[in-house]
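Each remark here refers to the structure printed beneath this line.
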Amino acid sequence: MALELFNTLSGKIEPLYASDGHALRFYCCGPTVYDFGHIGNFRTFLHVDVLRRAARLNGLPLHHVMNITDVDDKIIRNAAAAGQAIGEYSARFERAFFQDMDALNIERPEEIARATENVPGMVSLIERLAAQEIAYKTEDGSWYFRINRFPGYGKLSKKDLEGMEDGARVDLDEYDKDAARDFALWKAARPEEIASQAAWDTVLGPGRPGWHIECSAMAMQYLGDSIDLHAGGEDLMFPHHENEIAQSEAATHKPFARHWFHVRFLLVEGKKMSKSEGNFFTLRDLLLKGYRASAIRFLLLSVPYRHQLNFTFDGLTESTNAVERLRTFHDRMRKQAWPENTPADHPLMELIRKGDAEFTAALNDDLNTAEARAAVFDVLRAVNTAADQGSLSRLAAEQTLALLDKFDSIFAVLEDRDAERTRDALAWAEAENRLDQVSPEVIERFGSGSLADVEIDALVAERTQAKQQRNFARADAIRKELLDKGILLEDSKQGVRWKRK
RNA sequence: GGCGCGGUACCCAAGUGGUAAGGGAGAGGUCUGCAAAACCUUUAUGCGCCGGUUCGAUCCCGGCCCGCGCCUCCA
């Protein structure tokens, strides 16, 4: 079965394919780099990441472009407040964004498109619209899109504009637009915008591109007039994506994107995340509170993308434990020696094969990550049981490892880089004088005074020696000492394994 | 007001017209010097409420209640 995805435009689940027979031409609306990314942002990018990875699992090559909006009202305002040019201001947050993406193991798209580097394409797209009188200039020098010239407007978000009256929710007095819903293509420069280098002198007049035109122009420039797939958060459906369709299709008279993918918003502790509710978290906030990057990734992926996810700290703890169980299992499969053949081989191998098939089928069914995850846990339990009974063969263990590899090619949580990620966040907090935002536990366990791996290894060796001499009091004292510092020990026939709590 | 989504065990969460996946947590047990890990047992005669269709509904239809999202910058 091939990968099938819900398409917002058609309202149906449809197979995903590359219309040019080579690579899936895929555009995803990226971040506006005016601040640090919050977990809601990353839920979207995380599911886009799963989409990428699932496509690869199906042998579908990608040409994935993501934009960076590096000029907009907030950037201009914040840059001005900081006395910086917009480029200087936004570069810092773009860097932070990619660091966060790395911390969450989110793959980079094939291409990154910055708005400020693609202004000429936006200008010429507006010119094409102006030639048809779909774009018009107002007295202040701004350009707008004439919505009533695009009959399909509303087809993505299923809005019936006939029933919407001008002025109902839009302030008509503010602009000299022809119709209230006409949206800006080009915003005339104001004096302070010229000062912060947020204005371009073009044939349209001095100004800067509107948000919507950026994505239309860049998507078509990098991927062609008609693309296979367009993605973003659910909020972008209207008006942003609707406007993109209008601009692009009005200019080319060709379908813009065949398939639209929208990721639903997450709730935090039952409410929409907002600064005023006090439930607004950046990735960095969570890392500095001591939550692991892997647990955050796993939690954000555990609920399928079309469902609302209620993000809670309890959920984060659950995910931490679930990831730990997977890692322990993965370790066991790799490190323990298994007999060549066992009587129980056949049924177990069959069960693993079934789990593998279910995993793939679940993902291909509109990226059902919850079901895919369950399939792996089913195998985990059965294989652990067999291992405990001594009936797990080398072959079955290898087959299990292959399934875990497949699982991790999507979920990407098995390799433990959490300590590294937390240390990076801690170093950043130190550099930015934000240590007051760091939990004391994180400072104790990951700060400069914390135990280095070699010190832990030395204590573990000392304890092993004490155990051999049956000096359990000393051995237990060392274990307790390490536990107090967040290091957990596990004895097994294969030796001692330690991990950070 | 318009459009849309959801209400499944203590918590999170899949799912199907034929009798409820998975994870986490709790309790009991096995193993272990003790732990940890792992495994076993256990936790929904019921899937918001009321009707209807059906041999049969948690899943289909209608109504109601509750929660949430979008309609404005927003992932």
Side-chain angles (χ1 to χ4, degrees), chain A residues 8 11 28-32 34-35 37-48 72-74 154 157-161 163-164 168-171 181 211 231-240 242 262-267 270-275 298-300 302-312 314-329 331-332 336 358 362 365 368-389 467 470-473 475-476 479-480 483 488-494 496-499:
Chain A
T8 310
C28 172
C29 290
T32 302
Y34 67 95
D35 203 347
H38 59 251
I39 52 176
N41 294 317
F42 291 116
R43 158 123 132 137
T44 298
F45 298 121
L46 238 10
H47 276 99
V48 167
D72 95 312
D73 290 342
K74 281 187 208 125
S157 53
K158 323 287 184 237
K159 286 191 191 307
D160 177 12
L161 293 195
M164 292 186 189
R169 301 282 309 239
V170 184
D171 188 357
R181 288 203 169 264
W211 176 39
E234 64 165 329
D235 58 310
L236 298 186
M237 203 164 92
F238 186 89
H240 183 57
E242 204 69 72
H262 291 103
V263 180
R264 276 205 86 176
F265 266 6
L266 60 71
L267 263 36
K271 291 230 163 73
K272 181 171 169 172
M273 184 169 61
S274 73
K275 284 181 178 160
F298 202 58
L299 176 59
L300 259 19
S302 292
V303 176
Y305 76 95
R306 279 208 288 152
H307 290 238
Q308 213 164 43
L309 158 73
N310 185 14
F311 183 95
T312 63
D314 285 349
L316 219 35
T317 304
E318 287 174 15
S319 291
T320 306
N321 294 340
V323 169
E324 202 50 50
R325 187 166 170 217
L326 287 161
R327 285 179 179 168
T328 302
F329 178 66
D331 250 36
R332 182 181 198 187
Q336 215 164 307
E358 281 172 0
D365 180 14
N368 192 335
T369 45
E371 234 180 62
R373 203 193 111 134
V376 170
F377 276 103
D378 278 334
V379 171
L380 179 151
R381 192 174 2 83
V383 170
N384 258 333
T385 303
D388 279 3
Q389 292 167 348
K467 266 179 60 180
R470 301 197 71 76
N471 182 356
F472 294 121
D476 290 352
R479 185 168 64 194
K480 177 75 172 36
L483 185 64
L488 211 65
L489 262 45
E490 273 175 33
D491 294 335
S492 76
K493 290 191 177 99
Q494 284 70 43
V496 185
R497 173 172 180 244
W498 64 262
K499 60 190 182 190

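These numbers were taken from a predicted model, which means no experiment stands behind them. Letters A, B, ... are given to chains in the order of the sequence lines, protein chains preceding strands, and every chain is numbered from 1.
- A:Asp378 comes within 4.0 angstrom of sugar-phosphate atoms only, judged by non-hydrogen atoms across all strands, and of no base.
- Among the atoms of the strands shown, none is found under 4.0 Å from any heavy atom of A:Arg306.
- In terms of the salt bridge (charged side-chain N to carboxylate O under 4.0 Å, His left out) criterion, residue partners of A:Asp491 (sequence neighbours excluded) are, by chain and number, A:Arg463, A:Lys467.
- Counting non-hydrogen atoms under 4.0 angstrom, A:Lys271 reaches nothing in the nucleic acid.
- Here A:His307 lies in heavy-atom contact (under 4.0 Å) with sugar-phosphate atoms only.
- Nearest heavy-atom pair, A:Arg264 versus A:Arg306, reported as atom, atom and distance to 0.1 Å: CD-O, 3.0 Å.
- Atom pair A:Lys159:NZ and B:rC70:P shows a separation of 11 Å (rounding to whole Å applied).
- Whole-Å rounding puts the A:Leu266 CG to B:rG67 P distance at 21 Å.
- Between B:rC40 and A:Thr385, a contact under 4.0 Å exists linking OP1 or OP2 to a side-chain N or O.
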TODO: Can you run through RNA chain B from 5' to 3' and write each base as (, ), [, ], | or . depending on how it pairs? Watson-Crick or G-U wobble, both distances under 3.5 Å.
DONE: (((((((..(((.....[...)))((((((.......))))))....(((((..]....))))))))))))....
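- Salt-bridge annotation for A:Asp35 and A:Lys275: present, with a side-chain N of the basic residue lying under 4.0 Å from a carboxylate O of the acidic one.
- Counting any heavy atom pair closer than 4.0 Å across all strands shown, A:Gln389 reaches no nucleic acid atom.
- Taking 3.5 Å as the limit, the base of B:rA75 and the side chain of A:Arg43 contain no donor-acceptor pair of atoms between them.
- Residue-level contact check: A:Arg497 touches neither bases nor backbone, having no heavy atom under 4.0 Å from any strand.
- Atom CG in A:Leu488 sits about 7 Å away from atom P in B:rA37, given to the nearest Å.
- Residue A:Gly40 is classed as a base contact, given a heavy-atom separation below 4.0 Å to a base.
- Heavy atoms of A:Asp73 sit nowhere under 4.0 angstrom from any nucleic acid atom.
- The base of B:rC34 is paired with the side chain of A:Asp491 by a donor and an acceptor separated by under 3.5 Å.
- A parallel orientation is assigned to the rings of A:Trp211 and A:His240, their planes being inclined by less than 30° (bins at 30° and 60°).
- For A:Leu299 and A:Thr32, each mapped to the nucleotide of RNA chain B holding its nearest heavy atom, the one lying further toward the 5' end belongs to A:Leu299.
- Between the side chain of A:Asp476 and the base of B:rG33 there is at least one donor-acceptor pair of N/O atoms closer than 3.5 Å.
- Side-chain contact check for A:Arg497 versus A:Thr328: some heavy-atom pair is nearer than 4.5 Å.
- A:Pro304 comes within contact range of the sugar-phosphate backbone alone, with a heavy-atom separation under 4.0 Å but no base atom that close.
- Contact check, A:Arg325 against B:rC39: a side-chain N or O comes under 4.0 Å of OP1 or OP2.
- The separation between A:Phe377 atom CZ and B:rG23 atom P is 6 Å, rounded to whole Å.
- Residues A:Asn310 and A:Leu266 fail the side-chain proximity criterion, which asks for heavy atoms closer than 4.5 Å.
- For A:Asn384, a side-chain nitrogen or oxygen approaches OP1 or OP2 of B:rC39 to under 4.0 Å.
- A:Lys272 has its NZ atom 18 Å from the P atom of B:rC5, to the nearest Å.
- Comparing B:rG23, B:rA14, B:rC68 against the side chain of A:Gln308 picks out B:rC68 as the nearest.
- Listed nucleotides: B:rG33, B:rA14, B:rA38. Nearest to the side chain of A:Val303: B:rA14.
- Contact between the side-chain N/O atoms of A:Arg264 and the OP1/OP2 oxygens of B:rG6 is not found at any separation under 4.0 Å.
- The interatomic distance linking A:Asn321 (CG) with B:rC11 (C1') rounds to 13 Å, in whole Å.
- For the pair A:Leu316 CG and B:rC12 P, the computed distance is 15 Å after rounding to whole Å.
- What separates CG of A:Asp388 from P of B:rU32 is a distance of 12 Å, to the nearest Å.
- Stacking of the aromatic ring of A:Phe472 onto the base of B:rG33 is found: the ring centres lie under 5.5 Å apart and the planes are inclined by under 30°.
- Mapping A:Glu318 and A:Asn310 onto RNA chain B by nearest heavy atom places A:Asn310 closer to the 5' end of the strand.
- The shortest heavy-atom contact between A:Glu234 and A:Phe265 is OE2-N, 2.9 Å.
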